[in-house]
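Some notes on the structure that comes next.
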Number of protein chains: 2
Amino acid sequence: MSKCEQCIVREFSSLKALNKEELLKIADCKSSYIIKKGEPIFEEGENVNGIFCVRDGVCKLSKLSANGKDQIIKLVSKGELLGQRSMISDEPANLSAIALEDMEVCFIPKSEIMPLFNQNNAFSMNVMRAICGDLKEADDHVVDMAQKTVRERLAETLLHLKDTFGTHEDGSLKTQLTREEIGSMIGTATESCIRLLSDFNKSGLIELKGKKIFLKDIKGLKREAE
Amino acid sequence: MSKCEQCIVREFSSLKALNKEELLKIADCKSSYIIKKGEPIFEEGENVNGIFCVRDGVCKLSKLSANGKDQIIKLVSKGELLGQRSMISDEPANLSAIALEDMEVCFIPKSEIMPLFNQNNAFSMNVMRAICGDLKEADDHVVDMAQKTVRERLAETLLHLKDTFGTHEDGSLKTQLTREEIGSMIGTATESCIRLLSDFNKSGLIELKGKKIFLKDIKGLKREAE
DNA sequence: GGAAAAGCATGATAATTATCATAGTTTACG
DNA sequence: CGTAAACTATGATAATTATCATGCTTTTCC
């Protein structure tokens with residue numbers, strides 16, 4: 001079993017504030033999982049009782065709305081933590097986490113993490129800052145959803161996907177999402193999403209080759225996103 | 001100057017975890033303000049450098065969107081804290097806080113609060129839980145904005161206003177908002193908001209008497225909100 | 001107390017987006 | 001390797017929402 005010390009999650013997350021001793025303790029009680037594409041790490045309403053470290057892969061955090069449609073709130077990838085909010089609030093998960101590709105995650109039980117808040121102030125502050133960052137993002141997200149058109153949201157989301165997850169060597173977006181998933185990120189019907197992608201394609205802003213999406217005109221897309 | 005000990009904010013916020021000594025220290029360096037209706041407590045982009053305790057009154061937290069319209073994210077009232085996120089992230093305010101009625105607030109400088117995170121774990125955990133609560137609310141808000149119609153959002157918002165801020169003796173909503181403000185809570189044009197309120201009025205779900213709004217049929221409104 | 005400003009209301013019209021229908025294309029998998 | 005299922009695409013139409021215009025009512029403030 002690895003000792004967590006070299007783990008990419010430690011490098012990029014709040015866990016970087018942990019010392020050797022604390023890491024060893026965690027390494028001892030963590031469990032590792034392989035999650036296949038399409039499978040959940042946890043689901044809305046479930047008691048999680050710990051946090052997940054994403055060692056590899058990307059997942060979507062989504063929530064079922066009253067009308068039965070899924071809304072994707074956020075994508076989470078390699079190096080990030082999952083389930084902090086539920087653990088701290090001591091509540092069931094508010095969102096489902098579903099793998100978009102095969103994933104490697106570690107689970108650290110609540111009983112190991114909670115004492116650290118008392119022992120290690122730097123760690124506490126890291127977690128607080130991370131959650132504050134999420135809160136700011138969420139507030140901004142509300143503004144976008146409320147004030148931007150679907151077209152603007154699509155352009156913005158494409159740019160965001162490129163910035164956050166990058167592109168393959170050929171220039172196509174790395175995150176492989178279906179049209180339905182893109183639709184549920186921007187909060188629109190799948191058909192509307194497809195239609196707008198076609199529009200962007202026709203106006204030369206993007207290029208569609210099967211499932212691959214190439215962003216051809218970043219400036220133009222930024223203009224579309226306002 | 002009051003000693004904070006009996007303050008309503010202490011009773012309802014994260015500050016309840018502070019002991020006598022800590023409270024006295026804070027009481028010594030706090031400053032009190034009267035904010036008139038329509039005036040800002042702080043504005044988007046401003047460096048706040050501390051937290052505000054809302055001793056009386058209600059304010060809106062809002063953000064200017066790219067298209068020049070204001071989006072109200074949240075209302076904050078008596079007993080709550082303001083500015084925690086900016087302080088912890090050490091960033092300028094993401095939202096503006098504007099008084100909806102005359103307010104009484106106290107300001108506690110960052111330099112007094114930050115050390116408490118290290119000294120008083122119960123306080124730290126309270127703050128974390130509060131922010132986690134805000135994050136959950138914000139995520140749910142995103143889902144509503146993305147998936148519900150304006151009509152559904154209006155019904156939901158009216159119910160929320162009643163639950164959170166209550167009604168006057170005559171049964172009308174306590175929070176006095178203009179139609180424009182209600183519109184910018186639900187993310188719609190003022191005219192659309194007015195039209196839908198008229199609709200609800202005609203169908204007997206609510207009653208409009210000047211600026212006053214009476215919720216006449218809670219069940220019906222819940223049905224409208226889905 | 002009265003003028004100006006802000007707020008409320010409603011009609012007409014246009015733009016945006018959803019829904020339903022149909023069909024072609026790709027992917028998964030027995 | 002071929003068939004079912006999932007995904008992508010597009011047209012037609014309806015529903016929702018925004019925008020512009022106009023007039024009325026209430027509030028503000030000199």
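On a predicted model such as this, the values are computed, not experimentally measured, just so you know. Numbers restart at 1 for each chain; the letters A, B, ... are given by sequence-line order, proteins then strands.
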For a quick test of your reading: what N or O donor-acceptor pairs under 3.5 Å do the side chains of residues 187-196 of chain B make, sequence neighbours left out?
none

Donor-acceptor contacts under 3.5 Å from residues 218-226 of chain A side chains, at least two apart:
residue  : atom : partner  : partner atom : Å
A:Glu224 : OE1  : A:Arg151 : NE           : 2.8
A:Glu224 : OE2  : A:Arg151 : NH2          : 3.4

Could you list the donor-acceptor pairs under 3.5 angstrom formed between side-chain atoms of residues 129-140 of chain A and any protein atom two or more places apart in sequence or on another chain?
residue  : atom : partner  : partner atom : Å
A:Arg129 : NH2  : A:Asn126 : OD1          : 3.3
A:Asp140 : OD1  : B:Lys63  : NZ           : 2.7
A:Asp140 : OD1  : B:Asn94  : ND2          : 3.0

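For DNA chain D, the span of nucleotides reached by chain B at under 4.0 Å from its heavy atoms goes, 5' to 3', from D:dT17 to D:dC20.
Pairs of residues two or more places apart, or lying in two chains, that qualify as salt bridge (charged side-chain N to carboxylate O under 4.0 Å, His left out) and include a residue from residues 85-94 of chain B are B:Arg85-B:Glu91, B:Asp90-B:Lys110. Within the structure, the side-chain hydrogen bond (donor to acceptor under 3.5 Å, both in side chains) test picks out the following pairs touching residues 161-175 of chain B (sequence neighbours left out): B:His160-B:Thr164, B:His168-B:Ser172, B:Asp170-B:Ser172, B:Asp170-B:Lys212. Here ring-ring contact (aromatic ring centres under 6.0 Å, His included) pairs that include residues 41-94 of chain B, with residues two or more places apart or in two chains, are B:Phe42-B:Phe52, B:Phe52-B:Phe107. For residues 184-220 of chain B, no residue pair satisfies the ring-ring contact (aromatic ring centres under 6.0 Å, His included) rule, not counting sequence neighbours. Contacts classified as salt bridge (charged side-chain N to carboxylate O under 4.0 Å, His left out) and involving residues 47-57 of chain A (residues at least two apart or in different chains) are given here: A:Asp56-A:Lys78.
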Which protein N or O atoms sit under 3.5 Å from an N or O of nucleotides 7-11 of chain C?
residue : atom : partner  : partner atom : Å
C:dC8   : OP2  : B:Arg179 : N            : 2.8
C:dA9   : OP2  : B:Arg179 : NE           : 3.0
C:dA9   : OP2  : B:Arg179 : NH2          : 3.2
C:dT10  : OP2  : B:Ser198 : OG           : 2.7
C:dG11  : N7   : B:Arg195 : NH1          : 2.9
C:dG11  : O6   : B:Arg195 : NH2          : 3.0

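Residues passing the salt bridge (Lys or Arg N to Asp or Glu O under 4.0 Å) test with A:Glu180: none are found, sequence neighbours excluded.
At its two ends the helix from C:dG1-D:dC30 to C:dG30-D:dC1 runs along axes set 50° apart, each axis drawn from five pairs and the angle rounded to 10°.
B:Ile72 is not listed as a side-chain neighbour of B:Leu61, based on a closest heavy-atom distance of 4.5 Å or more.
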